[in-house]
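Single-structure report; data block below.
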Amino acid sequence: DISPYWYHNETFVNAISIKTDHKTSNRLSYSFGMTFSKWIHYTHNLIADGLGDEISTNKIDILEFPVQLNYYFRNPDKIFDPYAKMSLNNAYFHQYFYGEAYFSYPEFWGPFSYKRSKYALFYNVGFGTLIKLHENISLLFETAVGFGLVYYIPKYTYLEGQIGLKYSF
C-alpha cells in the first residue's frame, strides 16, 4: 500500500486483512471485512551546521472496514477466475509522534509529543483474480487504485496490492 495517511514518505505498509465474500450470482459478489496496518518510523536527524539534533518515533495505526463489489468476467469453473472490483473503505487513522529536539534556539529544546486521529473514506477500483488450487482453496491476487473521498488532497491517491488465500465453504 502506498499509503495516503502520511504525506512526507511514500511507503509500502504491511497489513492484515480478513474479508468474508458472498456470491449473489455467477458474475457478482460482495464482501466486507477488516484491515489492520501498523507503521513505525524512527529518526535521528542531525541538523546541518550544528544547528540542532532531533530523535523521534512516529507510530501510526490504521483500521479499515472495506465493503467491496466484484464483477467476474466468466463462470467460476475455470482455474483462473478474473474480476473487476470496486470498494469503499471506512478508515480510522491514529498517529502518535514523540521524541526530543535540541536546536540552537532555546525555545525549541526538550521533549515533544502529539497524538492525532481522523476518519477517512476511500474509494478503490481495480482488478483481481482467483487461481483455484483445490475445490475449496484459491490464491487471491488484487490490485487497485484508491482515491480519498474525505480529507481529499492529491497525495491521497494510492496504489494497493493484495495477495492471499481464499477458502470457500
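- Applying the ring pair (Phe, Tyr, Trp, His ring centres under 6.0 Å) rule to Tyr114 yields the partners Phe97; only residues at least two apart in sequence or on another chain are considered.
- Residues passing the side chain to side chain donor-acceptor pair (under 3.5 Å) test with Gln162: none are found, sequence neighbours excluded.
- By the 4.5 Å heavy-atom criterion applied to side chains, Phe141 and Thr143 are not counted as neighbours.
- Side-chain atoms of Asn124 and Glu160 include a donor-acceptor pair closer than 3.5 Å.
- Listed by chain and residue number, nothing satisfies the side chain to side chain donor-acceptor pair (under 3.5 Å) test with Lys59 (two or more places apart in sequence, or in another chain).
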What pairs of donor and acceptor atoms, side-chain ones from residues 127-139 against any protein atom, are under 3.5 angstrom apart with sequence neighbours left out?
none

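- Other residues, nucleotides and ligands contribute over 12 non-hydrogen atoms within 6.0 Å of the CZ atom of Phe65.
- Interatomic distance, Ser29 OG to His22 NE2, rounded to the nearest 0.5 Å: 9.0 Å.
- Taking the side chain to side chain donor-acceptor pair (under 3.5 Å) definition, one finds that Thr24 meets it with nothing, sequence neighbours left out.
- Asp61 meets the side chain to side chain donor-acceptor pair (under 3.5 Å) test with Lys38; sequence neighbours excluded.
- For the pair Arg74 (side chain) and Pro82 (backbone), a donor-acceptor distance under 3.5 Å is absent.
- In this structure, a donor-acceptor pair under 3.5 Å is absent between the side chains of Asn58 and Ser56.
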